[in-house]
Amino acid sequence: MAPRLQLEKAAWRWAETVRPEEVSQEHIETAYRIWLEPCIRGVCRRNCKGNPNCLVGIGEHIWLGEIDENSFHNIDDPNCERRKKNSFVGLTNLGATCYVNTFLQVWFLNLELRQALYLCPSTCSDYRLGDGIQKEKDYEPQTICEHLQYLFALLQNSNRRYIDPSGFVKALGLDTGQQQDAQEFSKLFMSLLEDTLSKQKNPDVRNIVQQQFCGEYAYVTVCNQCGRESKLLSKFYELELNIQGHKQLTDCISEFLKEEKLEGDNRYFCENCQSKQNATRKIRLLSLPCTLNLQLMRFVFDRQTGHKKKLNTYIGFSEILDMEPYVEHKGGSYVYELSAVLIHRGVSAYSGHYIAHVKDPQSGEWYKFNDEDIEKMEGKKLQLGIEEDLAEPSKSQTRKPKCGKGTHCSRNAYMLVYRLQTQEKPNTTVQVPAFLQELVDRDNSKFEEWCIEMAEMRKQSVDKGKAKHEEVKELYQRLPAGAEPYEFVSLEWLQKWLDESTPTKPIDNHACLCSHDKLHPDKISIMKRISEYAADIFYSRYGGGPRLTVKALCKECVVERCRVLRLKNQLNEDYKTVNNLLKVAVKGNDGFWVGKSSLRSWRQLALEQLDEQDGDAEQSNGKMNGSTLNKDESKEERKEEEEELNFNEDILCPHGELCISENERRLVSKEAWSKLQQYFPKAPEFPSYKECCSQCKILEREGEENEALHKMIANEQKTSLPNLFQDKNRPCLSNWPEDTDVLYIVSQFFVEEWRKFVRKPARCSPVSSVGNSALLCPHGGLMFTFASMTKEDSKLIALIWPSEWQMIQKLFVVDHVIKITRIEVGDVNPSETQYISEPKLCPECREGLLCQQQRDLREYTQATIYVHKVVDNKKVMKDSAPELNVSSSETEEDKEEAKPDGEKDPDFNQIMHAFSVAPFDQNLSIDGKILSDDCATLGTLGVIPESVILLKADEPIADYAAMDDVMQGKDEFVLGICWLGVRRRWDFTYWSVSIQCFYF
């Protein structure tokens, strides 16, 4: 079939030779494309929107062949959510809780910990009735132990493929949308669990955390002079191992235990020698736990960026770890077996994904726990797999070292869990307590009910789909209309009828109607012509309307469209004709006035007007399947269209008459005007004998008179006050003139407005009043002291000589007289001089004005504060750093002590980036005062807008590990500018300031 535009032209080609009054039924049917040939399946590749008889490619291909029953529904098989035989249960990722899921699976597979938690007494007696649990109540754990009990019971005996840990996560108060530090979470939760279980009476429950995870080491310092040893005992639940510069786990352990020399400024004070002595310090392992957690410190603090970064160093580790060489007391059993590897996939320390490889202690098989998905490793071997391919962001991948039998290498492992090796195999069978098993059974029953419900829904969808299949196969064959009676239905509705994923709605043809409530000819591209038989079935089954039969073909719209098309075709010829007529001079009074702007653009205006007529007809009924144009939007569009000038409206005056300016209009002949009037029948008509607007003539005359009057007034005032106008020979309060004892005061604003008028009297209005009330308070008192008028307030006032004041009183209305009088007091020679204002100063209002000025100085919104870096006390000018911004809109005094929920701390590491100085190396001062108070505000420190803060940088500390330890404290690392854990809340925390950085 021909393209859509070709079909459009062919449908209206007859309009070139047929006048609007000659349009017949045959022309109407041609415009509606009634007799176009229908398309054939297999020949037409897609639906022809320009052909209402094309019923190919509307979605029928889905139904005309053999159909798979699974295509009738979008419900997954509920058995896919069922736990597989001899497999573990997964955990739902609630957004960013994968790190929690990995630790839960590791702790669950610690059989001793699980057994101890099952022995912990529960407070669920409120849910029990006799020997069972009340069915009408949902079990809600009250403590962390109860949450963990219930989770472990579900992980052990649930029929689901995965369970939801949201109750446990909510009880811990974790943000499901923000990924926390996994290593820190492990420490904090173990501490919380130990504290919770310490209140239990059963020693097997009370001491389980210490028995499983707690070891002991000692910090030993030995004096080189006297050999005295000083020990500090400490318990540990995991060993934090530095991996920088190492390739093997054993090297990391050796570095952790290596001896450190205390010399020079770092010497040790020996109590035996009673003086500082050289010494050695190291860590000695005294006892090791059954479960040894080794934290690989992959996340370290980067001084250049001020954030943590991930180290993607390969670390090798073996499945068997002999710790005997590292402990102080030999002879015990210190051989450990690898039981879990926790992996962080990703290049950033603040994002990524956590998974866990855990060994089943009963079967000895390895499993990969990835939230809901659990994969069993083949051959009872640990296989890290593709996890090692996701850490390197660059194209050049770091080559993985070769690993021998029983050893592994990883650049993503951040925690290794080893279990103490025993001779006998663990045959511990952990039994779920009866009350927990009853809760699990109830959950399993709900799951089974859900599976039955989903299966029933699938069956209903299949039955419904089969019925729809039969309906489509029957009706699609009867859709083509041919020569029999026909109706029109929207293509969109037919496509939705054939769409299996959406329910079929009633037929809505309102969007296709013209202003005469018939089928609009321009909407035929989105309509399809179907048989009356098929239409009857559609309306009987689905309802809707209005029905568009052969009577819905709109003759009025076809005639109007014919007229518009003929005018468009005639436009170019008429344009040439009008241009030739404009070259002929107009004789007598037969001409018509036309705006010059309208003449320049009349062809474009005519074309736009013809297009608008088509567009208005298309949008005459803007409803499409229940959607309507917004009333406010349509009003705004209509208002904008009305504001645009139509043809010949450019010579209309505000009163709707002919404008008085002949420069904006031109006289054209009667023949030219008749041609233009064919395209613009509603344009305002002004014959050459038409008089201009009488009101505009009066206003023009008055304007000329007013302009002359203003010039005369300006010239008189300029002559009367020449020095005030030219700002010459002005008195000064700080140097009082000798020839007068009185000076008058007016507002500087009055003087400036008066000078504008005198310079441009035709454009500015004359100044009538002095307006001295602006200088007075509501009580009528003066707002300025004599001293302030000589300094900061001198820009607000203008001093007037007595002779000038007499002239001002004649020329202007004086609302208030303000003057300063000089008097001599006392008989002593020389006498004391005093200056008295009239009216007198109002002390209360003056004090209020000063307070407001001080508050304005504390307004930090969009203010600027400068930071200058001093390098070796030398002024070395360099390019300024980029401008740095943080946002807020409140003043300092309006802020509360605590920040509102959800407000983020500004990134003050921008200052660090500007100067390459880490936050903890920054020493800031202003006017010689060190800014070190962590509780002070900007105002109390004297930091106001436009202040200059000096920055001096300390030498960087080389101990990255110590720096990382300091920065790990959450409560301390709140803001970007800090000294090793000391917060500076005053550092631009709450205000919108622009920080500009420069080098000195």
Side-chain angles (χ1 to χ4, degrees), residues 62-63 65-95 97-98 100-102 104-105 108-109 114 133 135 138-139 149-169 176 353 355-360 362-363 365-380 383 385-386 429-432 436-469 499-503:
I62 301 175
W63 304 94
E66 293 297 327
I67 299 180
D68 183 8
E69 290 186 358
N70 291 326
S71 64
F72 290 136
H73 58 78
N74 57 356
I75 303 174
D76 295 331
D77 185 358
N79 289 319
C80 295
E81 302 299 307
R82 192 180 298 277
R83 177 181 183 177
K84 296 180 181 179
K85 188 177 180 180
N86 298 326
S87 181
F88 289 100
V89 177
L91 292 164
T92 303
N93 190 338
L94 304 177
T97 58
C98 51
V100 179
N101 293 345
T102 57
L104 284 174
Q105 297 287 11
F108 170 74
L109 287 174
R114 195 197 316 173
I133 297 177
K135 293 184 178 180
D138 290 330
Y139 174 59
Q149 277 182 337
Y150 187 41
L151 266 181
F152 282 2
L154 290 173
L155 288 173
Q156 185 169 340
N157 290 337
S158 177
N159 292 342
R160 300 178 186 268
R161 186 170 67 88
Y162 52 86
I163 59 175
D164 184 0
S166 56
F168 174 76
V169 172
T176 58
H353 184 59
I355 63 174
H357 294 266
V358 189
K359 185 178 182 181
D360 182 3
Q362 294 178 313
S363 66
E365 296 175 326
W366 281 91
Y367 291 83
K368 180 170 76 172
F369 293 87
N370 185 7
D371 292 332
E372 298 91 346
D373 301 322
I374 298 174
E375 179 184 354
K376 181 180 178 181
M377 302 289 103
E378 297 180 0
K380 295 186 177 182
Q383 301 171 22
I386 62 171
T429 302
V430 181
Q431 295 293 335
V432 178
L436 285 175
Q437 185 59 47
E438 193 171 349
L439 292 171
V440 174
D441 292 341
R442 179 197 289 185
D443 184 75
N444 287 337
S445 298
K446 292 181 179 179
F447 174 68
E448 296 300 333
E449 292 173 1
W450 176 83
C451 290
I452 295 173
E453 182 182 353
M454 290 297 105
E456 182 62 27
M457 290 177 63
R458 280 167 59 93
K459 183 178 181 301
Q460 292 177 2
S461 297
V462 170
D463 294 341
K464 187 177 179 180
K466 289 181 178 179
K468 182 67 175 287
H469 185 207
D499 186 359
E500 57 180 339
S501 63
T502 58

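With contacts defined as side-chain heavy-atom distances shorter than 4.5 Å, the pair Trp366/Gln383 does not qualify. For the pair Gln460 and Glu456, the minimum side-chain heavy-atom distance is below 4.5 Å. Proximity of Met454 to Glu81: side-chain heavy atoms (C-beta onward) are nowhere separated by under 4.5 Å. Residues Leu104 and Phe168 meet the side-chain proximity criterion, which asks for heavy atoms closer than 4.5 Å.
Ring orientation note: the planes of Phe88 and Tyr367 are nearly perpendicular, at an angle over 60° on the 30°/60° scale.
Here the CZ atom belonging to Phe447 is positioned 11.5 Å from the CZ atom belonging to Arg83, to the nearest 0.5 angstrom. How far CD1 of Ile355 is from NZ of Lys368: 5.0 Å, rounded to the nearest 0.5 Å. From Tyr139, atom OH reaches atom CG of Asp443 across 13.0 Å, with rounding to the nearest 0.5 Å. A distance of 11.0 Å separates CG of Leu436 from CG of Leu151, quoted to the nearest 0.5 Å. Atom CZ of Arg82 is separated from atom CZ of Arg160 by 10.5 Å, given to the nearest 0.5 angstrom. The CZ atom of Arg458 lies 14.0 Å from the CD atom of Glu453; values are rounded to the nearest 0.5 Å.
Residues Thr429 and Gln362 come closest through the heavy atom pair CA-NE2, 4.2 Å. Minimum heavy-atom separation, Pro78 to Cys451: CG-O, 3.6 Å.
In this model, no donor atom of one side chain and acceptor atom of the other lie less than 3.5 Å apart for Glu375 and Asn370. Glu448 and Asn444 form no side-chain donor-acceptor contact under 3.5 Å, judged by distance and modelled atom types alone.
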side-chain contact (heavy atoms from CB on, under 4.5 Å) between Asp164 and Leu94, intermediate numbers included: CA-CA 8 Å; Asp164 184 0; Leu94 304 177; 3.4 Å; yes
Test side-chain contact (heavy atoms from CB on, under 4.5 Å) applied to Phe369 and Leu109, step by step: CA-CA 12 Å; Phe369 293 87; Leu109 287 174; 3.9 Å; yes
Just do the side-chain contact (heavy atoms from CB on, under 4.5 Å) check on Arg442 and Lys446 with the steps written out, would you? CA-CA 6 Å; Arg442 179 197 289 185; Lys446 292 181 179 179; 4.2 Å; yes
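Asp371 pairs in a side-chain hydrogen bond (donor to acceptor under 3.5 Å, both in side chains) with only one of the listed residues (Asn93, Thr102, Thr97, Thr92), which is Asn93.
Checked by atom type and distance alone, the side chain of Gln105 pairs as donor or acceptor with a backbone atom of Val89 at under 3.5 Å. Distance alone, capped at 3.5 Å, places no donor-acceptor pair between the Ser87 side chain and the Lys84 backbone. No donor-acceptor distance shorter than 3.5 angstrom exists from the side chain of Glu365 to the backbone of Lys376, with no hydrogens or angles considered.
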